[in-house]
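Numbering starts at 1 and runs along the sequence shown.
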Amino acid sequence: MLNLPILTADTYFTPFEKTLAYDALPKKFPTPFAKSPHPLTSQAVSMLQAHVQNQQDWAHNFGLTNDEVNIIGKMFGVLVVQTEQNEIGYLSAFSGKLAGANHHSRFVPPLFDGVAAGGFLNAGMTELSRINDEISMLEAERLGTFETQIRELKVMRKAHSLTLQNQIFDQYHFLNQTGKQKSLREIFSDAGYKNPPAGAGECAAPKLLQYAFQQNMKPLAIAEFWWGQSPKSAFWKHREFYPSCREKCAPILAHMLSGMELEHSHIICD
């Protein structure tokens with residue numbers, strides 16, 4: 001299993017402010033698909049929410065002020081862990097990007113940084129934009145002589161987009177507590193999917209478990225909550241808890257939690 005050092009100058013592990021009795025720790029890992037998180041996570045959630053509310057390191061419009069431009073609520077997660085030194089605390093993560101970036105103090109890193117300068121994704125998206133611009137320009141001419149060229153460009157766009165998406169999928173490899181690693185495409189293929197859904201691996205729960213396993217930390221309990229306004233297409237409420245998503249996370253977490261004692265025999269519960 002990978003054993004990466006915890007950064008002392010910018011640590012991802014936050015120790016609890018209040019001491020916990022070890023008999024209060026769950027004997028088995030509570031399922032991340034339960035409707036309500038384990039009580040053990042309450043201190044971690046309170047500490048993280050206070051940090052999000054009071055920090056001055058980044059600016060993100062959650063829709064909680066009078067600023068109506070570019071409102072993006074966000075799902076956050078905490079994973080209570082026990083370190084190799086038997087210290088109890090928590091790790092923090094956010095789903096997708098926060099304030100336009102993947103890396104922030106106190107939040108575990110992503111498995112793949114798609115916005116890294118010089119990365120293949122930026123170059124691929126630039127080429128995709130170029131093809132789109134060329135299609136738009138030819139369509140604006142409204143001349144039948146360009147129909148064949150437009151069709152060819154659309155075929156090229158589809159092929160380029162598919163190749164780029166597969167390149168992204170290939171960057172994701174997930175650990176479990178036994179040290180076994182599986183690729184994203186392997187995980188979803190085993191679960192009966194033709195392809196992984198877009199954004200798979202970017203949710204908070206996989207990020208948290210991946211970092212915990214890399215650091216030989218023992219996961220104890222997990223919680224995810226929504227912060228800010230909900231998108232019009234969703235129903236999330238500010239500060240409310242939510243189970244891990246089933247479409248993107250269930251196959252990944254089935255692998256990541258294999259080999260662990262779970263409170264429920266089935267990873268997905270009602």
Side-chain angles (χ1 to χ4, degrees), residues 58-63 67-75 93-104 109-174 182-207 210 226 228-236 244-252 255:
W58 43 265
H60 184 103
N61 185 10
F62 295 104
D67 185 358
E68 298 295 327
V69 180
N70 297 324
I71 294 174
I72 306 176
K74 184 63 56 180
M75 194 74 76
F94 48 84
S95 179
K97 294 188 288 292
L98 178 66
N102 279 314
H103 297 275
H104 295 287
L111 279 78
F112 165 62
D113 187 359
V115 297
F120 74 86
L121 184 55
N122 286 334
M125 293 303 293
T126 299
E127 174 62 12
L128 197 60
S129 294
R130 185 197 67 77
I131 296 173
N132 283 331
D133 290 344
E134 190 171 351
I135 291 172
S136 296
M137 181 183 67
L138 294 176
E139 288 179 336
E141 294 292 334
R142 298 181 181 276
L143 297 175
T145 53
F146 293 131
E147 286 183 2
T148 299
Q149 191 173 351
I150 289 171
R151 282 197 300 270
E152 290 175 349
L153 283 168
K154 287 183 176 180
V155 170
M156 182 190 302
R157 179 177 63 184
K158 184 176 180 179
H160 179 76
S161 180
L162 180 61
T163 298
L164 191 60
Q165 183 64 76
N166 286 333
Q167 281 183 285
I168 295 171
F169 288 153
D170 289 340
Q171 306 307 307
Y172 290 86
H173 295 81
F174 301 88
K182 267 191 173 185
S183 70
L184 183 67
R185 289 210 269 185
E186 183 183 4
I187 286 172
F188 277 88
S189 176
D190 291 347
Y193 288 70
K194 183 179 179 180
N195 291 299
E202 284 301 302
C203 294
K207 292 181 182 180
Q210 183 83 353
W226 183 258
Q229 283 191 24
S230 175
K232 293 181 179 179
S233 59
F235 56 88
W236 299 312
S244 294
C245 66
R246 301 188 182 196
E247 179 190 10
K248 296 179 182 180
C249 288
I252 296 172
H255 160 66

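- When every heavy atom of Pro197 is checked against every heavy atom of Lys248, the shortest pair comes out as CG-CG, 3.9 Å.
- In this structure, the separation between CD on Glu134 and CD1 on Ile150 is 9.5 Å, given to the nearest 0.5 Å.
- For the pair Trp236 and Pro231, the minimum side-chain heavy-atom distance is below 4.5 Å.
- Atom CG in Asp190 sits 4.0 Å away from atom NZ in Lys182 (nearest 0.5 Å).
- Residues Gly96 and Lys207 come closest through the heavy atom pair O-NZ, 3.1 Å.
- Phe146 meets the ring-ring contact (aromatic ring centres under 6.0 Å, His included) test with no other residue; sequence neighbours excluded.
- Between the side chain of Asp67 and the backbone N or O of Asn61, no donor-acceptor pair lies under 3.5 Å.
- Of all heavy-atom pairs spanning Cys203 and Cys245, the tightest one is SG-SG, 3.7 Å.
- Checked against the 6.0 Å centroid threshold, Phe112 and Phe120 count as a close aromatic pair.
- Expressed to the nearest 0.5 Å, how far CG of Asp133 lies from CG of Leu138 amounts to 11.0 Å.
- Taking CG from Leu153 and NZ from Lys158, the interatomic distance works out to 15.0 Å, rounded to the nearest 0.5 Å.
- Here the CG-CD distance, from Asp113 to Gln171, works out to 11.0 Å after rounding to the nearest 0.5 Å.
- In plain terms, the two heavy atoms of Phe169 and Arg185 that are nearest each other are CB-CG, 3.8 Å.
- No donor-acceptor pair under 3.5 Å is formed between the side chain of His103 and the backbone N or O of Pro109.
- Tyr172 and Phe174 have parallel rings, their planes meeting at less than 30° on a 0 to 90° scale where 60° marks the start of perpendicular.
- Ser161 places no side-chain N or O within donor-acceptor distance of the main-chain N or O of Arg157, the cut-off being under 3.5 Å.
- In this structure, the side chain of Lys74 does not engage the main chain of Phe62 through any donor-acceptor pair within 3.5 Å.
- Checked for salt-bridge contact, Lys154 and Glu139 meet the test: a charged N lies under 4.0 Å from a carboxylate O.
- Using a distance-only test at 3.5 Å, with no hydrogens or angles considered, no donor-acceptor pair links the side chain of Lys194 to the main chain of Phe188.
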Quiz item: Between Met125 and Leu164, is a side chain to side chain contact (heavy atoms under 4.5 Å, CB included) present by the stated rule, with each step listed?
Solution: CA-CA 8 Å; Met125 293 303 293; Leu164 191 60; 3.7 Å; yes

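- In terms of modelled atom types and a separation under 3.5 Å, the side chain of His104 and the main chain of Leu98 share a donor-acceptor contact.
- For the pair Glu202 and Asn102, the minimum side-chain heavy-atom distance is below 4.5 Å.
- Residues His173 and Leu111 are not in side-chain contact: their nearest non-hydrogen atoms beyond the backbone lie 4.5 Å or more apart.
- Between Ala191 and Pro251, the shortest heavy-atom distance links the atoms CB-CB, 4.0 Å.
- With values rounded to the nearest 0.5 angstrom, Arg246 atom CZ is found 10.5 Å from Ser244 atom OG.
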